[in-house]
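A short write-up of the structure that comes next.
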Amino acid sequence: MANLPIVQFEKKIVETVDQNPVVVIIGETGSGKSTQLSQMLHRKGYTNSGIVSVTQPRRVAAVSVSRRVAQELGVRLGEEVGYAIRFEDRTSERTQIKYLTDGVLLRESLSNPELNQYSVIILDEAHERSLNTDILLGLMKRLVRRRASNLKVLITSATLDGEKVSKFFSDCPLLTVPGKLFPVEIFYSKERPISYLESSLKTAMGMDDIEKLVSKLEDKVRSLEEGSCMDAIILPLHGSLPPEMQVRAFSPPPPNCRRFIVATNIAETSLTVDGVVYVIDSGYVKQRQYNPATGMYSLDVVQISKVQANQRAGRAGRTRPGKCYRLYPSRVYHDDFLDVTVPEIQRSSLAGSVLYLKSLDLPDIDILKFDFLDPPSTESLEDALKQLYLIDAIDENGSITSIGRTMAELPLEPSLSRTLIEANEYGCLSQALTVAAMLSAETNLLPGRSKNNEKKRKYPPLELPDGSGFGDHIQLLQIYECWDENDYDIGWCKDYDLQMCIRQMSDMGIESDYWSSDVRVNQNQKRRQSYRNLRKALSIGFASQLAERMRHHNGFRTLGFKPQLVQVHPSSVLKPDDDGLYPNYVVYHELIATSRPYMRNVCAVERQWVIPILEKLDKLDVRKLSGGGLGHVEEITEGNKSDLLKKEAVIVTAPEEQESKIQAARERFLARKGKK
DNA sequence: GAGCACTGC
């Protein structure tokens with residue numbers, strides 16, 4: 001600890017914190033900021049007036065860093081130093097330093113918006129720009145004004161965006177702490193390889209790419225002349241590897257043998273492999289993006305940011321001086337790469353986050369004007385509002401409903417929390433909990449579906465239930481039921497997360513009186529009836545993810561978004577009936593654009609359930625939802641005049657006239673919609 | 001008939 005670079009800056013850091021409500025710390029890798037900042041402020045006495053908290057984007061980090069700090073202070077973990085992550089709260093009344101995931105801090109601020117228990121909040125790794133961190137940044141900006149006298153906020157970030165964060169917090173002070181990395185020499189390519197996979201040495205991005213590259217490297221090594229170079233082992237490293245395979249990348253190689261680790265961006269931040277000396281950086285990453293106009297996700301190969309490139313290079317210098325080969329020219333790095341990764345908030349569906357913000361009841365609540373470090377597009381926010389309206393979380397004026405409040409409390413995406421609430425009414429809550437958990441927990445209840453397993457499998461594939469013709473949600477439920485009847489065969493799947501997930505949600509509901517009935521009582525209901533009820537609940541929860549079959553073929557048209565022609569994903573259990581047709585209406589869990597636009601996880605719903613949704617869609621008026629109607633009038637000044645006049649509906653009138661203007665705007669909107 | 005970057009409550 002004593003030789004960590006940050007320790008020399010203790011006096012300066014503590015002084016700056018004493019004198020300012022917000023401080024940005026630029027701490028390079030290995031500076032010790034994650035373990036030391038909290039201890040410095042503890043020594044300075046900040047733990048006398050509250051807890052010093054440090055947020056982390058990942059659970060493992062919260063656990064491992066708190067463990068180190070407890071060790072350094074010579075206390076037992078969970079006493080003076082503790083951590084809180086989902087499913088696990090290891091803090092006590094004596095806790096003075098608390099590490100937690102940013103998701104947990106957001107949850108806490110729902111029940112205690114002032115976060116009074118904390119004297120210091122440190123948002124660590126803010127440059128990763130996780131959705132939760134970005135929301136916390138906005139909330140912190142408000143909170144430091146309200147608790148100016150007794151709250152300190154520290155934000156740690158990377159060199160390249162420190163200035164921006166400081167500007168966001170009214171030009172707060174910015175301190176830079178050097179890291180403790182060995183020098184890494186950077187080599188650029190003269191040009192970009194035509195295909196990042198075809199040229200022989202490079203990192204890959206996806207599981208598929210990694211498997212291909214691993215076997216290419218193996219061939220190459222085998223074809224080398226005996227003794228012409230060191231022996232080599234080639235190891236894949238990505239998130240969908242089973243843990244025991246992941247571990248292999250971490251064990252040191254046998255003597256005289258070189259490790260080739262072919263990794264996704266999991267090795268960029270989440271995992272640190274010791275002993276890496278050379279890094280080959282393709283300059284690309286696979287990123288999931290959401291298109292708010294279509295409701296569609298896609299997984300795209302995109303250029304990395306400078307922060308990511310530096311992070312990758314840094315992996316070579318942790319144990320001794322290293323080298324990084326960048327498969328792109330330095331011009332590309334300097335001119336083409338963005339400084340910082342596009343924040344998640346600008347490439348995800350925001351329904352959950354908007355509902356969360358609404359449920360906080362901030363006094364001047366206008367979601368479109370919430371102070372984000374990097375605001376998401378208006379289109380994206382309006383998409384979120386539309387979705388929330390269709391599932392009854394907000395009313396036509398954009399105000400949160402009581403259903404919406406209950407939904408916000410549940411640790412699920414809004415469509416699933418809405419489904420649970422409805423299922424509770426219909427007496428099929430336990431089934432809905434199962435489906436929600438199966439969809440949201442990453443479980444492998446379905447035994448090995450990958451190609452490799454297919455080849456290697458000695459036994460015929462297991463007969464899976466067929467969803468009784470209703471689709472994937474029902475199949476998921478049936479799979480769980482089979483598994484349940486077979487006494488939870490652990491060999492068949494990993495069950496732990498799933499069990500925890502179901503238990504957490506059912507406990508939360510019981511404790512807060514959301515659930516009117518005991519979850520277990522429903523267990524013995526007639527299944528068929530519960531399938532129908534469950535599907536009905538799903539139709540309400542997924543009202544914003546509804547699709548209608550085309551009259552003459554099996555394509556579907558999405559309703560609620562700009563209409564998209566989509567297909568049922570081939571992996572779905574839902575198959576055409578005897579006439580060769582799919583059901584007239586389905587709800588889907590997500591739209592994913594791969595080779596074509598597909599609906600993944602679909603559930604057949606009935607026409608009579610769909611009618612109210614269509615009526616609601618007809619009435620939908622985004623302007624009212626976003627507060628652009630009553631009570632929210634932008635004043636025309638010389639400064640904003642030209643901007644405002646560009647907008648379609650500027651309302652600058654007396655309140656009585658507003659209604660009629662809004663009516664007129666609405667009619668125009670509907671007329672336009674009719675034309676399309 | 002297709003395909004799974006990575007997190008988090």
Side-chain angles (χ1 to χ4, degrees), chain A residues 55-62 84-89 100-111 125 128-136 203-212 236-241 246 263-271 282 284-289 297-302 304 308 311 341-345 347-348 352-353 355-356 359 407-414 416-417 436-437 440-442 444 446 448-454 497 500-501 504-505 508 554 567-573 575-576 590 592-600:
Chain A
T55 71
Q56 294 290 328
R58 278 171 294 281
R59 291 188 210 163
V60 270
I85 59 176
R86 187 179 186 183
F87 303 133
E88 200 183 0
D89 184 354
L100 69 175
T101 50
D102 36 27
V104 168
L105 188 62
L106 279 176
R107 286 282 128 187
E108 289 184 357
S109 88
L110 206 53
S111 49
E125 318 287 4
E128 288 188 25
R129 303 298 304 274
S130 77
L131 186 51
N132 288 340
T133 307
D134 268 25
I135 291 169
L136 280 174
T203 46
M205 292 91 53
M207 176 179 89
D208 204 35
D209 299 339
I210 282 172
E211 280 170 5
K212 279 184 211 156
L237 183 58
H238 55 81
S240 26
L241 275 181
Q246 285 194 16
T264 60
N265 52 333
I266 197 171
E268 204 173 277
T269 48
S270 309
L271 300 177
S282 68
Y284 292 105
V285 67
K286 235 177 199 172
Q287 218 167 51
R288 194 173 142 100
Q289 331 253 14
Y297 286 95
S298 57
L299 197 59
D300 305 327
V301 174
V302 299
I304 57 171
Q308 282 177 293
Q311 183 67 32
T341 317
V342 176
E344 208 184 338
I345 202 165
R347 43 187 177 86
S348 340
S353 304
L355 179 61
Y356 171 80
S359 75
M407 287 166 58
E409 301 265 347
L410 293 164
L412 283 171
E413 54 188 278
L416 286 173
S417 47
S440 51
E442 265 186 44
N444 273 340
L446 306 175
R449 275 203 285 194
S450 89
K451 219 186 242 167
N452 272 354
N453 286 355
E454 215 79 50
D497 288 347
M500 290 289 279
C501 191
Q504 184 190 36
M505 287 183 296
M508 276 181 80
N554 269 332
Q567 313 281 137
V568 174
H569 196 279
S571 68
S572 175
V573 272
K575 298 296 173 212
E590 67 177 0
I592 171 103
T594 49
S595 55
R596 303 161 94 180
Y598 286 115
M599 298 181 280
R600 214 154 47 185

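Since the model is a prediction, treat every value here as computed from it, not as a measurement. A, B, ... follow the sequence lines: proteins, then strands. Residue 1 opens every chain.
- Nucleic acid contact class of A:Tyr598 (heavy atoms, under 4.0 Å, all strands): sugar-phosphate only.
- Counting to the nearest Å, the P atom of B:dT7 and the CG atom of A:Leu105 are 21 Å from each other.
- A:Arg129 comes within 4.0 angstrom of nothing in the nucleic acid, heavy atoms only.
- Between A:Thr264 and the phosphate of B:dC6, there is a side-chain N or O to OP1/OP2 separation shorter than 4.0 Å.
- Here the side chain of A:Asn265 is nearest to one of B:dA5, B:dT7, B:dC4, namely B:dA5.
- Here the side chain of A:Pro570 is nearest to one of B:dT7, B:dC9, B:dA2, namely B:dA2.
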Please test A:Thr264 against A:Lys286 for side-chain contact (heavy atoms from CB on, under 4.5 Å), starting from the C-alpha separation and ending with a verdict.
CA-CA 9 Å; A:Thr264 60; A:Lys286 235 177 199 172; over 6 Å; no

For a side-chain contact (heavy atoms from CB on, under 4.5 Å) check, start with the C-alpha distance between A:Arg58 and A:Glu128, then their side-chain angles and the critical distance, and finish with the verdict.
CA-CA 11 Å; A:Arg58 278 171 294 281; A:Glu128 288 188 25; 2.9 Å; yes

Can you check side-chain contact (heavy atoms from CB on, under 4.5 Å) on A:Leu237 and A:Ile266, steps first, answer last?
CA-CA 8 Å; A:Leu237 183 58; A:Ile266 197 171; 4.1 Å; yes

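- The CZ-C1' distance, from A:Arg288 to B:dC6, rounds to 11 Å in whole Å.
- Summarising the geometry, the separation between CG on A:Leu110 and P on B:dG8 is reported as 20 Å, rounded to the nearest angstrom.
- Counting any heavy atom pair closer than 4.0 Å across all strands shown, A:Ser595 reaches sugar-phosphate atoms only and no base atom.
- Side-chain atoms of A:His569 lie closest to B:dA2 of the nucleotides B:dA2, B:dC9, B:dT7.
- OP1 or OP2 of B:dC4 lies within a sub-4.0 Å distance of a side-chain N or O belonging to A:Arg600.
- A:Arg596 contributes no side-chain N or O that, together with a main-chain N or O of A:Gln567, makes up a donor-acceptor pair within less than 3.5 Å.
- Put simply, CZ on A:Arg347 is 10 Å from C1' on B:dT7, counting in whole angstrom units.
- Distances shorter than 4.0 Å separate some side-chain N or O of A:Arg59 from OP1 or OP2 on B:dC9.
- Judged purely by atom type and a 3.5 angstrom limit, A:Tyr356 has no side-chain atom pairing as donor or acceptor with the backbone of A:Ile135.
- Within the nucleic acid shown, A:Leu106 has no heavy atom closer than 4.0 Å to any nucleic acid atom.
- Across all strands, A:Leu299 comes closer than 4.0 Å to base atoms (heavy-atom distances).
- B:dT7 atom P lies 14 Å from atom CD of A:Gln287, rounded to whole Å.
- Across B:dC4, B:dG8, B:dC6, the shortest atom-to-atom separation from the side chain of A:Thr101 is found for B:dG8.
- Side-chain N/O atoms of A:Ser298 and A:Asp300 include a donor and acceptor closer than 3.5 Å.
- The separation between A:Ile592 atom CD1 and B:dA2 atom P is 14 Å, rounded to whole Å.
- Nearer to the 5' terminus of DNA chain B, by closest-nucleotide assignment, is the contact made by A:Leu237 (compared with the other of A:Leu237 and A:Glu413).
- Within the nucleic acid shown, A:Ser130 has no heavy atom closer than 4.0 Å to any nucleic acid atom.
- Closest to the side chain of A:Arg596, from the set B:dT7, B:dA2, B:dC9, is B:dA2.
- In this entry the distance linking CD of A:Gln289 with P of B:dC6 reads 15 Å, nearest Å.
- A:Lys575 has its NZ atom 9 Å from the P atom of B:dG1, to the nearest Å.
- Counting any heavy atom pair closer than 4.0 Å across all strands shown, A:Arg58 reaches sugar-phosphate atoms only and no base atom.
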